[in-house]
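Have a look at the structure below before the remarks.
All residue numbers refer to positions in the sequence shown, counting from 1.
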Amino acid sequence: MKRALDVLCGLLAAVALFAIMALTLADVLGRKLFNHSINGSLELTEILMVVVIFAALPLVSLHGEHVAFDSLDALMPGWLRRLQQVLVDLLCAAALGTVAWLMWGKAVDMIGYGETTAQLKLPVGIFVGLMAAMCGLAALVHAVLVWRPGDNSDAPLNEGGGAT
């Protein structure tokens, strides 16, 4: 599961980031050489940024790369750090799961209303649905992290790294 998540989310984020780069290059060249920019380039960039951010969210959770304040961890006994990590993962799973559920409802509503972007008329609900799915996946990752072994509690899914 871990490898599939790395490949799927990583590839999605990488393709979207490359598309932003290519779009920006083409837009700038079009403005400088032909005095004409690409219609809807700002909308496309905004949507692709959403894809990059939300596709990376499960990976950040999986690898424990969230911003963390761990200055006091050295002073805490191992059992307390483990308890803290379990509570943080449970809270993250609950919060991300709730956000995913709310966003999914919003995505369904937007698809039902036929809501689109202003210039390109792209269906917004599909992207909100993707955001909901990625939040749900990140919630699932945190739920799985609750069950990681206690003797290696600082390593997300038994890999090297710091606490989340």
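- Shortest non-hydrogen contact noted between Val52 and Leu17 is CG2-N, 3.6 Å.
- In this structure, the side chains of Pro123 and Ile111 stay at 4.5 Å or more apart for every pair of heavy atoms.
- Taking 4.5 Å as the limit, every side-chain heavy atom of Ile53 sits out of range of all side-chain heavy atoms of Met131.
- For the pair Asp73/Met76, a side-chain contact is recorded, criterion being any heavy-atom separation below 4.5 Å from C-beta on.
- A single hydrophobic cluster is not seen to contain both Trp104 and Leu137; linkage of ILVMFWY side chains at heavy-atom distances under 4.5 Å, directly or through other members, places them apart.
- Nearest heavy atoms, Ser61 versus His142: OG-NE2, 2.9 Å.
- Taken to the nearest 0.5 Å, the CG atom of Leu11 stands 12.5 Å off from the CZ atom of Phe18.
- Hydrophobic clustering of Ile, Leu, Val, Met, Phe, Trp and Tyr side chains at less than 4.5 Å, counting indirect connections, unites Phe34 with Leu29.
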For Leu96 and Leu57, run side-chain contact (heavy atoms from CB on, under 4.5 Å): C-alpha distance rounded to whole Å, both residues' side-chain angles, the deciding distance at 0.1 Å, then the answer.
CA-CA 10 Å; Leu96 286 165; Leu57 184 59; 4.0 Å; yes
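- In this structure, OG in Ser41 is found 5.5 Å from CG in Leu23, a value given to the nearest 0.5 Å.
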Test log, rule side-chain contact (heavy atoms from CB on, under 4.5 Å), inputs Arg82 and Arg148:
CA-CA 10 Å; Arg82 176 68 184 136; Arg148 70 183 136 191; 3.7 Å; yes
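- When side chains are defined from C-beta on, Arg31 counts as touching Asp27, because their heavy atoms get closer than 4.5 Å.
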Thr116 vs Leu122, side-chain contact (heavy atoms from CB on, under 4.5 Å): CA-CA, chis, key distance, verdict
CA-CA 5 Å; Thr116 61; Leu122 298 173; 5.9 Å; no
Criterion side-chain contact (heavy atoms from CB on, under 4.5 Å) on Val86 and Leu145, from CA distance to verdict
CA-CA 8 Å; Val86 166; Leu145 288 175; over 6 Å; no
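- To the nearest 0.5 Å, the span separating CG on Leu80 from CD on Gln84 amounts to 7.0 Å.
- Checked by atom type and distance alone, the side chain of Gln119 never pairs as donor or acceptor with a backbone atom of Asn39 at under 3.5 Å.
- Distance CE/Met110 to CZ/Phe127: 11.5 Å, rounded to 0.5 Å.
- When all heavy atoms of Leu59 and Gly10 are compared, the closest pair comes out as CD1-N, 3.5 Å.
- Hydrophobic clustering of Ile, Leu, Val, Met, Phe, Trp and Tyr side chains at less than 4.5 Å, counting indirect connections, unites Leu120 with Ile38.
- Between Ala55 and Cys9, the closest heavy-atom pair is O-CB, 3.2 Å.
- We find the OG-CG distance between Ser37 and Leu42 to be 10.0 Å, quoted to the nearest 0.5 Å.
- With rounding to the nearest 0.5 Å, the separation of CG in Asp109 from CE in Met103 is 13.0 Å.
- When all heavy atoms of Leu48 and Ala19 are compared, the pair lying nearest together is CD1-CB, 3.8 Å.
- In this structure, Phe54 and Met134 approach most closely via the heavy-atom pair O-CB, 3.0 Å.
- One hydrophobic cluster holds both Met49 and Leu12 under the rule that ILVMFWY side chains link at heavy-atom gaps under 4.5 Å.
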